[in-house]
Protein chains: 2
Amino acid sequence: MLIRLDPASAEPLFAQLAGAVRGAIARGELAAGERLPSARELAESLGLNVHTVLHGYQLLRDEGLVELRRGRGAVVTAAGTDGLARLREAVAGVTAEARRLGLSADELIALIRKEYA
Amino acid sequence: MLIRLDPASAEPLFAQLAGAVRGAIARGELAAGERLPSARELAESLGLNVHTVLHGYQLLRDEGLVELRRGRGAVVTAAGTDGLARLREAVAGVTAEARRLGLSADELIALIRKEYA
DNA sequence: TGTATTGTTCTAGCTCTAATAGAACAACTT
DNA sequence: AAGTTGTTCTATTAGAGCTAGAACAATACA
């Protein structure tokens, strides 16, 4: 799993890291049960602080995509791997775009219904 | 044009302001050539600092949505409408993906609302 | 032309978040 | 039993966002 981070981006490093893992899961590059590198390991190879990596991992845990256990590390959950993950990314993209355009949830949903009909 | 800001949001005030104007343009509430309130005026009515409003205006200018001129203020440009087209494309992509996965419109909308919350 | 309006630029200070750093600790693996 | 790994704690640094005040330059308009 290749991870590229942009320190100059407005998006925080921990969020970029979480996004990279999220995308890898969505694209099927990471299967359920698979282990991510340990935080210390990944921090070393990315030139980041351990806390920054753990921050990203904890974000993924809060989203239900990975499980964190001491001594074992971060493991991809089964819920994170099905086709819904891909859809979720698409949904996130659309909502972000809609938000960026200042649209409310209802306004976006009106567009969706129109498109679905 | 009604503008609502949430000071508690993680999104900066200047970005929220820009988003509101952006949405109004996308929805056709603001036509090309129309003038926005002056920064001092809008800052007063929103309870913000002039610099914060100008920061938002300058963001819109960098995006090509408005033109800024001293003595005249912020004027909506003609290029202001293609953002909506981009959103429409994204919406089409998501609905296609959802259909492919066998989701109903309501199931998709549930995801959208969850994402928007 | 003269005057008011409006964006531009500058300095300054405050607050909060992100990121780094080091350390001790608890749970799990082997 | 020993090593690995996430958890928690305190602390510091750097930068963004916001506010504030002032002076300035270009435009609009009477």
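Lettering follows sequence order; numbering is per chain, from 1. No experiment lies behind these values; they were computed from the predicted model shown.
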Report task. Using the side chain to side chain contact (heavy atoms under 4.5 Å, CB included) rule, pick out the option among V53(A), V21(A), L68(A) that qualifies with L36(A). Result -> V21(A)
Would you kindly give the [atom1]-to-[atom2] distance between [X] and [N], to the nearest whole Å?
X      : N       : atom1 : atom2 : result
L68(A) : dT29(C) : CG    : P     : 14 Å
R69(B) : dA4(C)  : CZ    : C1'   : 19 Å
L60(B) : dG7(C)  : CG    : P     : 13 Å
R70(B) : dA26(D) : CZ    : P     : 5 Å
R40(B) : dA4(C)  : CZ    : P     : 14 Å
E44(B) : dT6(C)  : CD    : P     : 13 Å
L13(A) : dT20(C) : CG    : P     : 6 Å
E67(B) : dT27(D) : CD    : P     : 12 Å

**Report entry** Exercise: identify the closest heavy-atom pair between R22(A) and L59(A)
**Finding:** NH2-CD2, 4.1 Å
Report task. Please name the pair of heavy atoms, one in P37(A) and one in Y57(A), separated by the smallest distance, quoted to 0.1 Å. Result -> O-OH, 2.7 Å
Nucleotide of [options] approaching [X] most closely (side-chain heavy atoms):
X      : options                  : result
S38(A) : dG6(D), dT7(D), dT6(C)   : dG6(D)
F14(A) : dG7(C), dT5(D), dA18(C)  : dA18(C)
R72(B) : dT7(D), dA19(C), dA28(D) : dA28(D)

**Report entry** Atom CD of E11(A) with >12 non-hydrogen neighbours under 6.0 angstrom
**Finding:** yes
Query raised in the report: Taking the nucleotide of DNA chain C with the closest heavy atom to each, which residue, E41(B) or E11(A), is nearer the 5' end?
Result: E41(B)
Considering just the side-chain nitrogens and oxygens of [X], establish if one lies under 4.0 Å of OP1 or OP2 belonging to [N].
X      : N      : answer
R61(A) : dG6(D) : no
Q58(B) : dT8(C) : yes
R35(A) : dT5(D) : yes

Query raised in the report: Under 3.5 Å, side chain of R40(B) to main-chain N/O of V50(B), donor-acceptor pair present?
Result: no
Report task. Please round to the nearest 0.5 Å and tell me the distance separating atom OG1 of T52(B) and atom CD of Q16(B). Result -> 11.5 Å
Query raised in the report: Near DNA chain C, under 4.0 Å by heavy atom, which residues of residues 48-57 of chain A?
Result: L48(A), N49(A), H51(A), T52(A)
Query raised in the report: So L46(B) and L17(B), side-chain contact (heavy atoms from CB on, under 4.5 Å) or not? Walk me through it.
Result: CA-CA 10 Å; L46(B) 290 179; L17(B) 172 59; 4.2 Å; yes
